[in-house]
Amino acid sequence: MTAQCCSRRSLYTSRSLFIEKTSNIQSVAEQFQLSPNTLSQALTHKSFKHGKVSNNERLQYLGRRSIEYFAVDLNKAKSAEELKTIIKQTLEPQHLGARFDALGLESNVQCTLPGGQISPSVKSQAVQALVGAVYHERGLNAAKEFVKKNIFV
């Protein structure tokens, strides 16, 4: 039996969006008072390197729950229906995507996605993970101030 030699090709390589870390991760980390490693993880989507590197899923979960908590905490006098609406509007990908753009995080996101640009969903996940990273490294009060200043605008 003869051995067959064939080259492997990955699909969609010509259409993929591939954004690597840039050198300004250190300055952005200092801006948010986070370690560069934590910030890098918060801005790494699970699509990057096929999920074989640390990604932002756990930080995103922590950040999402923190945002929900802060929304309730800052609007205690509102009814349950009003709180649901506030939380839903705050966590909408378009809103968090706009906050992502305002924070200037696009050059630091690490993801591999078909298309040509970062989707509002990925931006939203990155912002949630950033909140989770602030909570994880700096604590509850710092995360609350970060959310008041940068999310509830």
Side-chain angles (χ1 to χ4, degrees), residues 10 12-78 82-153:
S10 61
Y12 305 112
T13 54
S14 63
R15 293 181 21 209
S16 68
L17 171 66
F18 184 72
I19 301 175
E20 287 281 356
K21 272 196 277 191
T22 60
S23 62
N24 69 349
I25 192 90
Q26 183 71 32
S27 63
V28 175
E30 289 172 6
Q31 174 188 348
F32 296 123
Q33 297 175 347
L34 296 172
S35 70
N37 289 339
T38 302
L39 179 63
S40 179
Q41 182 178 350
L43 298 177
T44 301
H45 188 259
K46 65 184 175 183
S47 67
F48 185 68
K49 295 192 178 181
H50 305 290
K52 294 181 181 176
V53 295
S54 297
N55 61 52
N56 64 7
E57 285 185 307
R58 290 182 182 209
L59 289 172
Q60 177 196 349
Y61 179 80
L62 178 60
R64 180 182 183 88
R65 295 297 176 222
S66 299
I67 292 169
E68 290 172 351
Y69 171 75
F70 299 142
V72 172
D73 190 49
L74 295 171
N75 296 289
K76 291 177 185 173
K78 307 246 175 162
E82 290 174 314
L83 286 173
K84 278 184 181 179
T85 303
I86 290 169
I87 292 170
K88 183 179 177 185
Q89 289 173 346
T90 302
L91 293 174
E92 282 183 355
Q94 290 75 19
H95 172 72
L96 290 178
R99 303 314 315 143
F100 174 92
D101 293 336
L103 291 169
L105 299 172
E106 189 160 349
S107 64
N108 296 300
V109 170
Q110 298 180 91
C111 63
T112 306
L113 297 170
Q117 58 186 2
I118 301 172
S119 69
S121 175
V122 172
K123 291 178 180 182
S124 172
Q125 292 168 4
V127 170
Q128 291 173 28
L130 182 59
V131 172
V134 171
Y135 184 96
H136 176 69
E137 282 205 351
R138 297 180 44 218
L140 176 73
N141 291 330
K144 186 174 184 177
E145 288 305 312
F146 179 83
V147 168
K148 282 171 47 177
K149 180 181 174 188
N150 296 295
I151 309 298
F152 296 142
V153 183

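All values reported here derive from a predicted model rather than from experimental measurement.
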Q. Would a 4.5 Å heavy-atom cut-off, applied to side chains only, mark Leu140 and Tyr69 as touching?
A. yes

Q. Are side-chain heavy atoms of Ile118 and Cys111 found at a separation under 4.5 Å?
A. yes

Q: For Glu82, enumerate each residue passing the side chain to side chain contact (heavy atoms under 4.5 Å, CB included) test, keeping only those at least two apart in sequence or located in another chain.
A: Lys78, Ser79

For [X] and [Y], work out which heavy atoms get closest and say how close.
X      : Y      : answer
Ala129 : Asn56  : CB-CB, 3.5 Å
Ile86  : Ala71  : CG2-CB, 4.3 Å
Leu83  : Asn75  : CD2-O, 3.4 Å
Leu34  : Glu137 : CA-OE1, 3.3 Å

Q.
If only side-chain N and O atoms count, and only distance matters, is there a donor-acceptor pair under 3.5 Å linking Gln31 with Ser27?
A. no

Q. Does one side chain, of His95 or Gln89, offer a donor that lies under 3.5 Å from an acceptor on the other?
A.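 Checked: His95/Gln89 side chains show no N/O donor-acceptor pair below 3.5 Å.
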
(Q) Could you check whether any side-chain N or O of Asn150 sits under 3.5 Å from a backbone N or O of Phe146, counting only pairs where one atom can act as donor and the other as acceptor? (A)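 Yes.
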
Q) Would a distance-only check, ignoring hydrogens and angles, find a side-chain to backbone donor-acceptor pair under 3.5 Å from Ser40 to Pro36? A)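 Looks like no, no N/O pair under 3.5 Å.
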
(Q) Tell me whether Tyr61 at atom OH has more than 12 heavy atoms from other residues, nucleotides or ligands lying less than 6.0 Å away. (A) no

Q: Mind running side chain to side chain contact (heavy atoms under 4.5 Å, CB included) on Leu39 and Asn108 for me, showing each step along the way?
A: CA-CA 9 Å; Leu39 179 63; Asn108 296 300; 5.7 Å; no

Q) Checking side chain to side chain contact (heavy atoms under 4.5 Å, CB included) against Lys123, which of Val109, Asp101, Leu96, Leu105 comes through? A) Asp101

Q: For Glu68 and Arg64, run salt bridge (Lys or Arg N to Asp or Glu O under 4.0 Å): C-alpha distance rounded to whole Å, both residues' side-chain angles, the deciding distance at 0.1 Å, then the answer.
A: CA-CA 6 Å; Glu68 290 172 351; Arg64 180 182 183 88; 3.8 Å; yes

